[in-house]
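Each remark here refers to the structure printed beneath this line.
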Amino acid sequence: MKKAVPQAAALLLEKLLLLAHLRPLPDTDTDRGEPPPPPAPAPPPPAAGCLQRGDLLEVPRTLFVHFGIYLGENRVAHLMPDILPALTDDRRQIQRVVTNKRLILGVVTKTASIRVDTVEDFAYGGSILVNHMDRLFKDRLLGSEEAARRAEKLVGATAYSLLWNNCEHFVTYCRYGAPVSLQTDKFCETVKMIIRDQRSVLASVLVGLAAVVCLGLAPSTTLPTILITFLLWMAG
């Protein structure tokens, strides 16, 4: 039973990732019968010669931005959720490209690794922004060599937290001296807005009533409904 819970959570996250990568179909002109234009290919990552050691690299994804520190010689240090470092010490297996299953299980079990990959593997077909965050942390900017050395010292297995220790915390610590995640701050602000919106109280009541109707009147349905509604009401 204990093993079924993380497996179910991993399956749910895997489905959500698949849905997150779906794209809506473009409108087509049915009268003309014209096919939709092909999607524009992603621009290639910048050549290694254009990057400087210690640069902060960003790759926009579907729902988030992935970050890394350039170490020179076409190598990037970045933090990724990964279950494998918790299961084996075999560096050859760990160094292989992280699959979706490894990543999802790493998120569920809160394990990760700060690894070194090529620029191409890090970009994974996406476009790269270079030092895009420097404008926000002008007063905290460390030397490029110091940033690269910090990243190299941290390479290896580490704990993972979606909110408190993710790839953005890693790179901001290396380049600016303090772990910060603007994505986490934005997420928390969104959660605050949802909690403060009194419509969330009504939504929780409706969901609770639906659970009672479908599953019957029992402590497992009524207590969560009352508790969640009360907490949302008091926090709003």
Side-chain angles (χ1 to χ4, degrees), residues 6 9-24 39-46 51 55-71 75-85 96-137 140 147 150-151 154-155 157-176 178-195:
L11 180 61
L12 177 61
L13 284 173
E14 186 172 5
K15 297 302 181 184
L16 290 175
L17 279 178
L18 290 175
L19 289 174
H21 285 81
L22 291 178
R23 293 288 193 274
L51 300 175
D55 280 346
L56 190 154
L57 309 184
E58 301 179 38
V59 180
R61 304 294 192 197
T62 304
L63 296 175
F64 59 91
V65 178
H66 189 51
F67 296 86
I69 295 292
Y70 186 66
L71 302 180
R75 299 175 301 130
V76 181
H78 58 124
L79 186 153
M80 285 195 69
D82 187 5
I83 186 63
L84 210 54
R96 293 175 182 173
V97 176
V98 178
T99 62
N100 280 340
K101 183 174 292 186
R102 283 171 57 182
L103 186 148
I104 293 169
L105 289 175
V107 172
V108 172
T109 59
K110 297 183 178 181
T111 57
S113 65
I114 297 172
R115 51 187 288 129
V116 178
D117 287 309
T118 64
V119 173
E120 292 75 19
D121 286 343
F122 166 77
Y124 204 66
S127 57
I128 293 180
L129 301 175
V130 182
N131 299 331
H132 192 243
M133 295 180 68
D134 283 3
R135 69 189 193 285
L136 302 175
F137 299 95
R140 301 186 186 179
R150 286 188 174 209
L154 294 174
V155 169
T158 185
Y160 178 78
S161 171
L162 185 64
L163 297 181
W164 316 121
N165 189 39
N166 58 38
C167 62
E168 190 173 4
H169 290 103
F170 164 66
V171 298
T172 52
Y173 167 76
C174 292
R175 188 165 177 88
Y176 310 120
V180 178
S181 176
L182 301 180
Q183 294 181 108
T184 296
D185 294 342
K186 185 176 181 181
F187 173 78
C188 291
E189 286 299 322
T190 302
V191 172
K192 288 180 182 179
M193 290 176 60
I194 294 174
I195 292 175

*asked:* Is the ring pair Tyr176/Phe137 parallel, tilted or perpendicular, if the boundaries are 30 and 60 degrees?
replied: parallel
[X] side chain near [Y] side chain, heavy-atom distance below 4.5 Å:
X: Ile69; Y: Arg150; value: no
X: Val171; Y: Glu58; value: no
X: Leu57; Y: Leu51; value: yes
X: Tyr160; Y: Asn166; value: yes
X: Val59; Y: Tyr124; value: no
X: Arg96; Y: Leu84; value: no
X: Val180; Y: Arg140; value: yes
X: Tyr70; Y: Val119; value: yes

Please round to the nearest 0.5 Å and tell me the distance separating atom [atom1] of [X] and atom [atom2] of [Y].
X: Ile83; Y: Thr109; atom1: CD1; atom2: OG1; answer: 3.0 Å
X: Phe64; Y: Ser181; atom1: CZ; atom2: OG; answer: 12.0 Å
X: His132; Y: Asp55; atom1: NE2; atom2: CG; answer: 14.0 Å
X: Asp121; Y: Arg75; atom1: CG; atom2: CZ; answer: 14.0 Å
X: Thr99; Y: Leu105; atom1: OG1; atom2: CG; answer: 8.5 Å

Is it true that a side-chain atom of [X] and a backbone atom of [Y] form a donor plus acceptor pair closer than 3.5 Å?
X: Glu168; Y: Gln183; result: yes
X: Asp82; Y: Leu103; result: no
X: Asn165; Y: Ala159; result: yes

*I would like to know whether Leu154 and Tyr173 meet side-chain contact (heavy atoms from CB on, under 4.5 Å); could you show each step before the answer?*
CA-CA 11 Å; Leu154 294 174; Tyr173 167 76; 3.8 Å; yes
Do you know which two heavy atoms are closest between [X] and [Y], and how far apart they sit?
X: Leu79; Y: Cys167; value: O-CB, 3.4 Å
X: Ala123; Y: Arg61; value: O-NH1, 3.0 Å
X: Gly68; Y: Phe122; value: N-CZ, 3.6 Å
X: Ala112; Y: Pro85; value: O-CG, 4.4 Å
X: His78; Y: Asp117; value: NE2-OD2, 2.7 Å
X: Arg102; Y: Val97; value: NH1-O, 3.6 Å

